[in-house]
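Source: prediction; values computed, not measured.
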Amino acid sequence: MADPSSYRPKPGEIPDSPGVYRFRDEHRRVIYVGKAKSLRQRLANYFQDLAGLHPRTRTMVTTAVSVEWTVVSTEVEALQLEYSWIKEYDPRFNVKYRDDKSYPYLAVTMNEEFPRVQVMRGHKKKGVRYFGPYGHAWAIRDTVDLLLRVFPVRTCSAGVFKNAARTGRPCLLGYIGKCSAPCVDRISAEEHRELAEEFCDFMTGRTGAQLRRLEQRMTEAAEEMEYERAARLRDDIGALKKAMEKSAVVLTDATDADLIAVAEDELEAAVQIFHVRGGRVRGQRGWVTDKVEEITTGALVEHALQQLYGEETGDAVPKEVLVPALPDPVEPVQQWLTGRRGSGVSLRVPQRGDKRALMETVERNAQQALVLHKTKRASDLTTRSRALEEIAEALGLDSAPLRIECYDISHLQGDDVVASMVVFEDGLARKSEYRRFQIKSFAGQDDVRSMHEVITRRFRRYLADKERTGEWSDDEEPGAGAGAGAGAGAGAEAGGEATGVDVTLSPDGAAGAEGVPGPDGTAGGPAVPSASTLTEDDGRPKRFAYPPQLVVVDGGAPQVAAARRALDELGIDDIAVCGLAKRLEEVWLPDDGDPVVLPRTSEGLYLLQRVRDEAHRFAIGYQRVKRAKRFRSGPLDDVPGLGETRKQVLIKHFGSVRKLRAATVEQICDVPGIGRKTAERIIVALAGAVPAGPAVNTATGEIMDDMVDMEGMDDVEEPGQSGGSPGEPVSTGAPDDGRGLER
């Protein structure tokens with residue numbers, strides 16, 4: 001726990017101007033981002049007597065070890081920079097709205113030649129019209145199914161569209177009248193785009209014109225005694241009215257507005273948003289957040305506005321935003337919203353009438369969402385806390401292990417030896433921190449030696465980065481292994497060559513450190529050493545930068561001893577190690593002859609099992625990828641310049657690798673796309689490869705036809721094959737649970 005007075009800026013050092021500030025912890029992670037109209041006045045509030053601070057604010061300032069700031073010209077710029085940094089650094093003490101799902105939108109791809117109507121989630125794309133969000137994808141499909149009768153816009157994928165255009169036959173929707181079939185030229189691209197525009201007009205709330213147009217056409221058809229056409233138009237009008245009934249009118253003046261309501265208690269807050277377009281509710285969504293600092297309702301609203309409109313422009317930002325309380329000050333937020341929309345935006349609190357009544361409905365939804373969330377989370381949060389406390393008590397730790405790393409080794413009878421590292425923080429999996437390794441320092445099966453290698457590599461990298469970022473104190477030196485680790489780790493592990501680090505699951509982002517604050521007062525806090533090869537200095541969570549409080553290995557006493565020995569060699573003595581054996585689920589500690597046996601009903605044991613099983617699953621998955629890649633390899637893989645397409649052409653031309661091996665250079669040159677040099681390389685590669693033995697039917701013992709030669713057949717499936725990778729072990733019918741040959 002740090003003393004805020006140890007990093008408090010000197011009097012007069014903080015400028016009295018708008019800006020954004022960042023608090024960092026001992027690992028240089030950004031843990032809080034804030035903005036202020038006056039940096040001097042705002043930061044002074046954090047360095048008062050700890051007894052007068054809100055408990056969460058007190059936790060934040062005692063976790064931080066430094067503070068720095070950036071001066072901007074206006075409060076609007078401060079708002080924009082704060083939003084950018086919160087998105088970039090993901091600080092643990094900032095308000096973060098947790099959305100339990102990605103809400104689906106009804107999207108119309110107006111950026112394509114033939115616009116398509118579909119369900120979309122996730123990041124919004126340029127040139128696509130979005131409507132929603134909806135609570136469920138089926139609600140979108142029901143609406144689209146009704147509207148396609150009137151607006152038969154394309155809904156098929158690009159592959160289906162191209163196939164229909166190639167064959168000249170439309171899909172089923174084209175035959176039943178729910179698609180205008182532009183794929184077979186029943187309608188031109190311009191006419192189809194007009195249909196898509198009418199569809200979008202109806203979804204935006206301009207429904208009256210469409211209904212009047214259909215009613216007029218129905219009347220004309222009846223007068224002309226075309227009763228079948230009039231009946232179809234009558235049914236079309238009924239479909240539109242049914243679609244309109246799904247979103248009742250809530251504002252009679254056809255207002256476009258978003259209504260935001262907040263329900264909160266001392267610990268959490270729930271936000272609900274109703275999207276009203278043309279007076280009708282077109283979408284609804286909600287978030288829940290932990291209140292990690294003392295924060296007002298207006299500040300919660302401000303964070304919600306940032307979350308909602310931070311990446312939106314144009315009409316996606318409505319003319320009117322109704323909120324329960326205004327941010328303080330409100331002018332910068334209103335200017336920011338106006339800039340996002342490109343025209344004036346009204347941000348206000350409704351006082352009376354329909355809008356106030358609708359706001360009360362949104363508030364009731366927010367209150368119910370908070371109650372539901374607390375009901376769901378109460379047992380989960382309590383259970384996780386109890387599990388961490390039980391683990392700390394059983395292992396004799398000073399505090400609960402908030403970060404747990406688990407390692408597992410996997411191989412197939414000594415081949416393709418790999419390892420996994422999974423991370424759990426606060427009892428929850430943090431998949432962006434998962435890592436996987438190849439064991440390259442030796443060949444064969446040796447779980448103990450593999451575990452020693454993986455632990456050494458992981459923490460040698462941590463020590464190297466710690467030393468290069470200047471975290472060693474004046475009287476502290478790296479351990480015996482740290483010296484070597486700093487050198488070897490910096491050189492070899494950075495590229496993943498000598499150490500065998502194969503891949504990481506999360507992208508590293510841009511490398512490089514931030515600039516050191518200059519003497520002009522535009523930035524503050526301690527100077528950061530420049531290290532272009534490190535990415536941890538900028539506060540983003542990267543690679544192996546953070547040490548765990550507990551290392552769990554999948555195995556018993558030998559594996560635990562290997563992990564402890566690796567840490568001792570590196571001079572690390574402040575990280576606890578334990579192992580979880582599968583047979584009786586005993587917990588093994590270093591240098592203890594007897595295991596720790598937790599009760600079967602223990603939440604701590606359950607959490608350790610979850611961590612171990614996740615590491616095992618992750619390792620098995622990687623090992624299977626390596627195994628499949630090896631089984632699919634063949635002698636043609638070593639031929640320079642011979643890609644997958646030409647390999648398949650060769651196999652198809654000759655029928656098998658055995659026949660290709662017997663072919664002459666001239667015969668190989670007869671294959672389209674194969675030149676003489678490539679043919680000579682193929683002859684050399686096949687001459688050096690060991691021919692495969694005859695294929696055998698393991699069920700009957702029958703020797704199969706020589707024509708079926710699986711060697712080198714990456715993607716070609718012969719008749720009689722049931723699929724699977726060439727060389728795949730024969731299935732015995734038993735389920736593959738990953739615990740047989742694979743470790």
Kindly check if the number of other-residue, nucleotide or ligand heavy atoms within 6.0 Å of CD (Q48) is above 12? yes
Could you list the residues that satisfy side-chain hydrogen bond (donor to acceptor under 3.5 Å, both in side chains) with Q80, not counting sequence neighbours? none
Can you name the residues that form a ring pair (Phe, Tyr, Trp, His ring centres under 6.0 Å) with Y606, not counting sequence neighbours? none
Assess the side chains of Q272 and Q368: does a donor N or O sit below 3.5 Å from an acceptor N or O? no
What I'd like to find out is whether the side chain of Y46 reaches to under 4.5 Å of the side chain of V67, using heavy atoms alone. no
Is a donor on one side and an acceptor on the other found under 3.5 Å between the side chain of N94 and the backbone of V33? yes
Using side-chain heavy atoms (C-beta onward) and a distance below 4.5 Å, is D613 in contact with R610? no
Using the ring of W85 (Phe, Tyr or Trp, six-membered ring only), decide whether R22 places NZ or CZ under 6.0 Å from its centre and within 45 degrees of its axis. yes
Y309: what forms a ring pair (Phe, Tyr, Trp, His ring centres under 6.0 Å) with it, not counting sequence neighbours? none
Scan side-chain atoms only and decide if T63 and D25 contain a donor-acceptor pair under the 3.5 Å cut-off. no
State which residues pass side-chain contact (heavy atoms from CB on, under 4.5 Å) with E360; sequence neighbours excluded, sorted by chain then number. R356, E363, R364
Would you say D328 and T296 make side-chain contact, with heavy atoms under 4.5 Å? no
Answer yes or no: is there a side-chain heavy-atom contact under 4.5 Å between D258 and L322? no
So how far is it from Y21 OH to I14 CD1, rounded to the nearest 0.5 Å? 11.0 Å
Heavy-atom side-chain proximity of I273 to L259 below 4.5 angstrom: no
Does any donor atom in the side chain of E264 or T297 lie under 3.5 Å from an acceptor atom in the other side chain? yes
Just so I know, are the side chains of R403 and V423 near enough to count as touching, which here means a heavy-atom distance under 4.5 Å? yes
Answer with yes or no whether the side chains of Y434 and R430 bring together a donor and an acceptor at under 3.5 Å. no
In Å and rounded to the nearest 0.5 Å, what is the NZ to OG distance from K37 to S17? 12.5 Å
Under 3.5 Å side-chain donor-acceptor pair for S5 and D3: yes
Can you give me the closest heavy-atom contact between A64 and F23, atom names plus distance? CB-CD2, 3.8 Å
Electrostatic pair R384-E603, nearest N-O below 4.0 angstrom: no
Under the side-chain hydrogen bond (donor to acceptor under 3.5 Å, both in side chains) rule, collect the residues that match up with R8, sequence neighbours excluded. none
So which atom in S73 and which in P18 form the shortest heavy-atom distance, rounded to 0.1 Å? O-CG, 4.2 Å
Decide yes or no for F424 and E614: does some side-chain heavy atom of the first lie under 4.5 Å from some side-chain heavy atom of the second? yes
Taking side-chain hydrogen bond (donor to acceptor under 3.5 Å, both in side chains) as the test, write out the residues that go with E389, two or more places apart. none
Between the side chains of S343 and R341, does any donor sit under 3.5 Å from an acceptor? yes
Side chain to side chain contact (heavy atoms under 4.5 Å, CB included) partner of P332, chosen from E77, E75, K35: E75
